[in-house]
There are 2 protein chains.
Amino acid sequence: MQFSKSTDYALHALIHLAQAEDRNNIGVKELSAILSVSESYLSKIMSKLRKDGIVRAVSGVKGGYELAKTAEEITFLEVIQAIEGRQQMFECSNLNSKQHQLLAELSNTEPKPKATDRDECLVKKVMDGAEQHLHQYLREHTIQFVLDQATKRCNYSINKK
Amino acid sequence: MQFSKSTDYALHALIHLAQAEDRNNIGVKELSAILSVSESYLSKIMSKLRKDGIVRAVSGVKGGYELAKTAEEITFLEVIQAIEGRQQMFECSNLNSKQHQLLAELSNTEPKPKATDRDECLVKKVMDGAEQHLHQYLREHTIQFVLDQATKRCNYSINKK
DNA sequence: ATATTATGGATATCTAATGTCCATAATAAA
DNA sequence: TTTATTATGGACATTAGATATCCATAATAT
Ligand code: SF4
Ligand code: SF4
């Protein structure tokens, strides 16, 4: 039940892209140096982000990555899902058991149950509910939220000079 | 980012123990038959639940397992943590990078930061916050909550006769 | 004593995460 | 056009963790 390192790398890479908003097309070379990850591995991660429309990529000399939308629009949830996929956290592995029949088959107690409710019990619903709560929280937080902290610090440094 | 099958098995085993509250000491034999898991594997799972004080076990003839507390007192969270452990979902793997120094070292912006805040940035705080939300939800739901559904159905069956 | 049951160590197998390598395509610059 | 640079994607290797089995031992009801 842990997020993969890839998710960690993806978040940090995006933050770097967001911080260097002025400079366009930051290559995997620079990113991998900052994150202390190999270029080959980080490439796979950046490709996933590109496929999900989170960053744009351009090949060739002076190529690289840039955010495909503003940092305000990039939520933690979509980054995590781009990397980890979208399978549900809890998958029933007991659907043929007597227990499942007892818990999930409500067709006898309720005259006309919806088809979608027929094969789920409250275990599944609690776990799915938990996932939805997690998702909601992650949807409400964006890369910009993290950036604000860094920006605050940056402004302070500038004023200091 | 998925719960393990072991967690699935643990929840189902506990529900069976809770449903058979009258009969004490239900063996791994019966449980494994109901869940369609091998006895050896389920043994490990039950041991974890026992170590965390969720079930009681008694060896020997007529031995087996029973809930160590009421179904109302057993939360989803403690079951999941008994099986999956208690590591945090997000672990920083970038603590030596320049980026971390920029994001996390706030000692310059705030005169006297608490020691606990010094080595965390908002990425970490968002992820930990998400985990806390997930935990809170799982803490609020108990085995009894699932049981109520089954009981309702059971009562209906009885009335039907 | 005997049969039964849980426990824990050792070990095997399988799967997903992590990591590397290379051939190819795209593109800016010379 | 040629060259250097960069992203892309397939293949593959390695590692770590989840899943699964086996067995020796302890505990306990009969
Ligand atoms: S629906 Fe409920 S009883 Fe059936 S397999 Fe899923 S969690 Fe188990
Ligand atoms: S504290 Fe923030 S910047 Fe530092 S390693 Fe953790 S997530 Fe990354």
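Treat the numbers as computed from the prediction; the structure is a model and nothing was measured. Throughout, protein chains are lettered first and strands after them, A, B, ... in sequence-line order, and every chain is numbered starting at 1.
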> Do any N or O atoms from the side chain of A/Gln19 and from the backbone of A/Leu147 form a donor-acceptor pair under 3.5 angstrom?
Replying inline: no

> For every nucleotide of nucleotides 10-21 of chain D, 5' to 3': is a protein heavy atom under 4.0 Å from its base (B), only from its sugar-phosphate (S), or from neither (-)?
Replying inline: BB-------BBB

> Does a salt bridge link A/Glu78 with A/Arg86, judged by any charged N lying under 4.0 Å from a carboxylate O?
Replying inline: no

>> Could you tell me if A/Glu140 and A/Gln136 have a donor-acceptor pair between their side chains, going purely by distance under 3.5 Å?
In response: yes

>> Assess, by modelled atom type and distance only, whether the side chains of B/Gln144 and B/Asp148 contain a donor and an acceptor separated by less than 3.5 Å.
In response: yes

> What are the 5'-most and 3'-most nucleotides of DNA chain C lying under 4.0 Å from any heavy atom of chain A?
Replying inline: C/dT18 to C/dA28

>> The criterion is salt bridge (charged side-chain N to carboxylate O under 4.0 Å, His left out); which residues satisfy it with B/Lys44, sequence neighbours excluded?
In response: none

>> Take a 6.0 Å sphere around CD of B/Glu21 and say whether it holds more than 12 heavy atoms from other residues, nucleotides or ligands.
In response: no

>> Just checking A/Tyr137 against A/His133, ring centres under 6.0 Å apart?
In response: no

For residues 26-36 of chain B, tabulate all N or O donor-acceptor pairs below 3.5 Å that involve a side-chain atom, not counting sequence neighbours.
residue	atom	partner	partner atom	Å
B/Glu30	OE1	B/Arg23	NH1	3.4
B/Glu30	OE2	B/His16	NE2	2.9
B/Glu30	OE2	B/Arg23	NH2	2.8
B/Ser32	OG	B/Val28	O	3.2
B/Ser32	OG	B/Lys29	O	3.0

>> Is it true that, when you exclude B/Lys69 itself, more than 12 heavy atoms of the residues, nucleotides or ligands shown sit nearer than 6.0 Å to its NZ?
In response: yes

>> Can you list, in residue-number order, the parts of residues 21-32 of chain A that come under 4.0 Å of DNA chain D, counting heavy atoms only?
In response: A/Gly27, A/Val28

> Short question: side chain of B/Lys51, backbone of B/Ala82 - any donor-acceptor pair under 3.5 Å?
Replying inline: no

>> What residues from residues 46-61 of chain B pass a heavy-atom cutoff of under 4.0 Å to DNA chain D?
In response: B/Ser59, B/Gly60, B/Val61

>> So does B/Phe3 get a backbone contact from the side chain of B/Thr7, meaning a donor-acceptor N/O pair under 3.5 Å?
In response: no

> Is a salt bridge present between B/Asp52 and B/Lys48, judged by a nitrogen-to-oxygen distance below 4.0 Å?
Replying inline: no

